[in-house]
A.B. asks: 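Before we start, here is the structure in question, set down as C-alpha cells.
Numbered from 1 within each chain, the chains take letters A, B, ... in sequence-line order. Not measured: the values here are computed from a predicted model.
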2 protein chains.
Amino acid sequence: MQIIHSEDHRLQDVPTEFYRGRWVEAFETPRRAELVLAAVQRAFPGPVLAPRRFGTAPLLAVHDAGFIDFLATIWERWEAETGPTPAYPNVWPPRRSRMIPTTRPGAELGRYAIDMSSPVLAGTWQAAQSAADCALTGAALVDAGAPAAFALCRPPGHHAGRDYFGGYCFLNNAAIAARAFRDAGAARVAVLDIDYHHGNGTQDIFYACADVLTVSLHADPVQDYPYYAGFADETGEGEGAGCNLNLPLPWGTGYAGWGDALSRALARIAAFAPQRLVVSLGVDAFEGDPISRFRLRGADFADIGRRIGGLGLPTLFVMEGGYAVEAIGDNVASVLGGHMAARG
Amino acid sequence: MQIIHSEDHRLQDVPTEFYRGRWVEAFETPRRAELVLAAVQRAFPGPVLAPRRFGTAPLLAVHDAGFIDFLATIWERWEAETGPTPAYPNVWPPRRSRMIPTTRPGAELGRYAIDMSSPVLAGTWQAAQSAADCALTGAALVDAGAPAAFALCRPPGHHAGRDYFGGYCFLNNAAIAARAFRDAGAARVAVLDIDYHHGNGTQDIFYACADVLTVSLHADPVQDYPYYAGFADETGEGEGAGCNLNLPLPWGTGYAGWGDALSRALARIAAFAPQRLVVSLGVDAFEGDPISRFRLRGADFADIGRRIGGLGLPTLFVMEGGYAVEAIGDNVASVLGGHMAARG
C-alpha cells in the first residue's frame with residue numbers, strides 16, 4: 001500500500017473549537033494524522049511518499065474560481081484588518097441573498113464558510129494545497145498501475161463544496177482526485193464515502209454529473225452534522241440524476257445495519273462499472289468516537305476493507321474524519337489491510 | 001410624544017459578542033435602552049406607557065410560522081441538550097441547501113440565524129414579544145389620533161427577516177407595526193430606516209409588497225454590515241417592484257451627503273403618499289459611534305426629526321441601533337423633539 005503524506009498538515013492547528021455554544025478542546029488535531037501515519041507505517045513498512053505539486057488547475061476543476069481565490073488570499077486580508085488571530089466568520093448570508101462580493105474579509109469568510117469549525121490560519125492555504133496534492137499524487141500512482149494507494153490527507157475534504165468550506169475541510173481532496181481520474185481517461189469514477197458524516201461537499205460537487213457516482217453511508221442528517229444535506233431522496237439532478245446514493249442511518253447503528261448499507265453501496269458501485277474508485281475514509285463510525293453515534297468495533301474495519309476490495313477496482317483511499325485518536329490509526333490500517341488482502 | 005417601553009428588554013443581556021474572531025465587550029446592551037429612556041423622559045415629561053399584549057397574530061403577519069415557532073421553543077430544546085448556556089449557532093446551511101427541519105437545536109439555530117451577534121437566552125422570546133408589543137401599542141396610539149409615538153423597543157428589529165434573526169434582532173418590530181397599520185385600514189404605509197446599517201430584514205419582509213414602501217439610508221454593504229443586501233439596485237420584485245429604495249453611502253459620509261440622501265428618501269415617500277410612516281430610528285450614523293463610520297454630529301439629529309416631520313404624516317418611531325451610549329439618549333430625543341417641533 002503506497003502512502004502519501006505531507007507534514008504541512010501541522011499548519012492547521014487550533015487548540016479549541018466552538019461547539020454547542022462553548023469552546024471545547026479541538027476534535028480535529030494534528031495528532032490524528034500523526035497517529036494514523038504511525039499505524040500505517042507499522043502495518044505497511046516502506047517509504048511514505050511526499051506529494052508532487054499539481055498547482056491550482058486540478059482544484060479549479062471541482063471548485064469555483066472565486067472560492068479558490070478566496071482561500072488563497074483571505075488570510076492576508078483578514079490579518080491586515082484584524083491582526084494575527086484565527087479567521088472565524090461571525091456573519092453569513094441570509095437565505096435569498098445575492099452573492100455580491102464585499103471589501104470586508106469577515107463578510108467574505110461568512111460567504112464561503114458553513115460553520116465555525118474551520119478557522120483560516122496563516123498556513124491554512126498551504127496545508128490545504130498539500131492535502132489536495134497528496135490525493136492527486138495517490139491518484140497518479142493508481143493511474144500508473146498501483147492497485148491501491150492511501151492519501152493521508154489533512155485537513156480532510158469531504159465537507160468542502162464547490163464554493164464553501166467547513167467541517168474541518170477546505171479543499172475536497174476526494175473530489176479533486178475523482179476529477180483527476182476522469183481527466184486522465186477513466187470514463188466513470190465512483191466515490192464511496194464511509195465517514196460517519198455525510199459527504200455533503202462531494203455530493204454538491206458532482207450532483208449534476210453523470211460520470212462520477214457518489215455514494216455515502218452516514219448518520220441521518222435529521223440527527224447529525226452536516227444536517228442540511230444527506231437525505232435519501234437526494235439522488236442527483238440533470239445529467240447526474242440517479243448518480244448520487246445517500247444511505248442515512250440512525251444513531252446507534254452497529255455493523256449489522258451498517259454492513260447492510262455497505263452491501264447496497266457496493267452493489268450500486270458495481271452496477272455503475274467505474275474504472276476507478278475513491279474511498280473517503282473516515283473511521284468515525286467507530287463505537288469509541290467522541291462526536292459520533294454509530295457502534296462499529298475495531299474488528300469491523302478490516303471486513304470493510306475486504307468488502308471494498310472485493311469490487312476489484314483500482315482504489316484511492318483518502319483520509320477524512322475519525323476523532324477517537326487512540327484507535328484511529330489501527331482502524332485506518334485495518335481498512336487498508338483488509339483491502340490489500342482482498343486484492344491479493 | 002407618547003413613549004412606550006417594557007423592562008422585559010433586560011432579559012436580553014450578554015456581556016460579550018463574537019466580533020472579528022474575538023470575544024469583545026457587547027455593543028448592544030440593556031444600558032442603551034436605559035439611557036434612551038432617561039433622555040426621552042427628561043425631554044418629554046409624562047408617563048411612559050407599558051405595552052398592551054397583542055399575541056402572535058401580528059407577528060405571523062410578517063414572519064414565517066416555522067420561524068415564530070422556532071423562537072418560541074428553541075430555548076427549551078437547546079437547554080435540554082446543552083444546558084443553560086447562551087444558544088449560539090455554530091453551523092448553518094450552505095447555499096443550495098433545502099430547508100428540511102432537523103431534531104437538533106443547534107442545527108435549527110443555524111437555519112434561522114444570520115450571525116453570531118444574537119444568542120437566544122432563557123428570556124429572549126419574552127423580551128422580543130414585549131418589544132413587538134411596544135411597536136404595536138405605538139401603532140395603535142397613532143391610529144387613535146396621536147401625531148407621533150416612540151416605541152422604545154429592545155431588542156431592535158430591522159435585521160430580522162421573514163424567517164431569520166440576527167444583528168441583535170429577533171422580531172422585526174417596525175415591520176410588524178407597518179403591517180398593523182395596513183391591517184387597521186391604511187392603504188399605504190412607508191418605512192423609513194435611518195439606522196447606519198441597512199434594514200435588510202424589513203426589505204426582505206416587504207420586498208414583493210406594493211402597499212408598503214421601504215426606504216433605507218445606510219452604509220454601503222460593500223463596506224459594512226449586513227453586507228449581503230442593501231445595494232442600490234434592489235428595488236423590489238413582483239407587485240413590490242419599485243417599492244424598495246436603498247440609499248447606500250460610503251464610510252465617512254457627513255451630514256451634507258447624508259442630508260442629500262434624506263431629501264431623496266423624503267421625496268420618494270411623499271410621492272408614495274402613505275397614510276402612515278414608520279421610522280426605524282437608529283442613531284448610529286453619529287460620528288462617535290464605535291462600530292459605525294458616518295460623521296453626523298449631535299446637532300444634526302434635531303434637523304433630521306424636523307425634516308421627517310415636514311412630511312406631515314402620522315408617525316411611529318421604532319428604536320433600532322446606536323452604540324455610542326453616552327450620546328444615544330440625546331440623539332434620540334433630538335430626533336423626536338425636532339419632529340414634534342415640525343408637527344407644531
Side-chain angles (χ1 to χ4, degrees), chain A residues 17-23 78 81-83 85-117 119 159 161-167 200-201 204 207 220-229 231 233-234, chain B residues 17-23 78 81-83 85-117 119 159 161-167 200-201 204 207 220-229 231 233-234:
Chain A
E17 172 177 345
F18 191 70
Y19 182 71
R20 300 190 195 169
R22 294 182 179 90
W23 292 90
W78 170 269
E81 179 176 305
T82 309
T85 191
Y88 284 99
N90 63 295
V91 54
W92 49 90
R95 52 194 76 171
R96 300 181 292 277
S97 291
R98 297 187 297 169
M99 288 295 127
I100 299 171
T102 80
T103 59
R104 300 297 294 283
E108 294 306 288
L109 270 171
R111 176 187 311 282
Y112 289 113
I114 64 171
D115 62 34
M116 295 281 289
S117 72
H159 296 306
R162 272 177 271 170
D163 51 4
Y164 56 79
F165 72 101
N200 56 329
D204 178 61
Y207 206 58
D220 190 329
V222 165
Q223 294 182 307
D224 226 320
Y225 187 89
Y227 303 114
Y228 312 110
F231 298 91
D233 66 347
E234 295 163 359
Chain B
E17 172 177 344
F18 191 70
Y19 182 72
R20 300 189 195 169
R22 295 183 178 90
W23 293 89
W78 170 269
E81 179 176 306
T82 310
T85 190
Y88 284 98
N90 64 294
V91 53
W92 49 90
R95 52 193 78 171
R96 299 179 293 278
S97 292
R98 296 187 298 169
M99 288 294 127
I100 299 171
T102 81
T103 60
R104 300 297 294 284
E108 293 306 288
L109 268 172
R111 179 186 308 281
Y112 289 113
I114 63 172
D115 63 35
M116 295 281 289
S117 72
H159 296 306
R162 272 178 271 170
D163 51 4
Y164 57 78
F165 73 101
N200 57 328
D204 179 59
Y207 206 59
D220 191 328
V222 165
Q223 294 182 307
D224 225 322
Y225 187 90
Y227 303 115
Y228 311 111
F231 298 90
D233 65 347
E234 294 163 359

A.B. asks: Only one of A/Ser97, A/Pro94, A/Pro93 clears side chain to side chain contact (heavy atoms under 4.5 Å, CB included) with B/Ile114; which?
C.D. replies: A/Pro94

A.B. asks: Please find the pair of heavy atoms, one from B/Thr102 and one from A/Val222, that lie closest to each other, and give the distance.
C.D. replies: CB-O, 3.5 Å

A.B. asks: Examine whether an atom of B/Arg104 lies under 4.5 Å from a heavy atom of chain A, and if so say whether it belongs to the side chain, the backbone or both; otherwise answer neither.
C.D. replies: both

A.B. asks: Hey, does the side chain of B/Arg111 reach the backbone of A/Tyr228 with a donor-acceptor pair shorter than 3.5 angstrom?
C.D. replies: no

A.B. asks: Angle class for the B/Tyr88/A/Phe18 ring planes (parallel below 30°, perpendicular above 60°, tilted otherwise)?
C.D. replies: perpendicular

A.B. asks: Using non-hydrogen atoms and a 4.5 Å limit, figure out which bit of A/Arg20 sits close to chain B: side chain, backbone, both or neither.
C.D. replies: both

A.B. asks: When rounded to the nearest 0.5 angstrom, what distance separates CD1 in A/Ile100 from CD in B/Glu234?
C.D. replies: 6.0 Å

A.B. asks: What are the two closest heavy atoms between A/Thr82 and B/Arg22, and how far apart are they?
C.D. replies: O-NH1, 3.2 Å

A.B. asks: In Å, rounded to the nearest 0.5 Å, how long is the span from CG of B/Asp220 to OG1 of A/Thr103?
C.D. replies: 8.0 Å

A.B. asks: Out of B/Tyr207, B/Tyr225, B/Tyr227, return the one with the most heavy atom pairs under 4.5 angstrom to chain A.
C.D. replies: B/Tyr227

A.B. asks: Name the region of A/Pro221, side chain, backbone, both or neither, that has any atom closer than 4.5 Å to a heavy atom of chain B.
C.D. replies: backbone

A.B. asks: At a heavy-atom distance under 4.5 Å, which candidate from B/Pro89, B/Gly167, B/Pro119, B/Pro226 has the highest pair count against chain A?
C.D. replies: B/Pro89

A.B. asks: Counting only non-hydrogen atoms closer than 4.5 Å, does A/Ala87 touch chain B with its backbone (N, CA, C, O), its side chain (CB onward), both, or neither?
C.D. replies: neither

A.B. asks: For B/Val91 versus A/Asp115, what's the shortest heavy-atom pair and its separation?
C.D. replies: CA-CB, 3.7 Å

A.B. asks: Under a 4.0 Å N-O cut-off, is there an ion pair linking B/Asp204 with A/Arg95?
C.D. replies: no

A.B. asks: Kindly give the heavy-atom pair with the smallest separation between A/Arg96 and B/Asp163, and that separation in Å.
C.D. replies: NH2-OD1, 2.9 Å

A.B. asks: For A/Pro105, which atoms come within 4.5 Å of any heavy atom of chain B: side chain, backbone, both, or neither?
C.D. replies: neither

A.B. asks: Pick one of side chain, backbone, both or neither for B/Ala107, based on which atoms fall under 4.5 Å of a heavy atom in chain A.
C.D. replies: both

A.B. asks: Picking from B/Ala113, B/Gly201, B/Gly83, B/Ser117, which has the most non-hydrogen pairs under 4.5 angstrom with chain A?
C.D. replies: B/Ala113

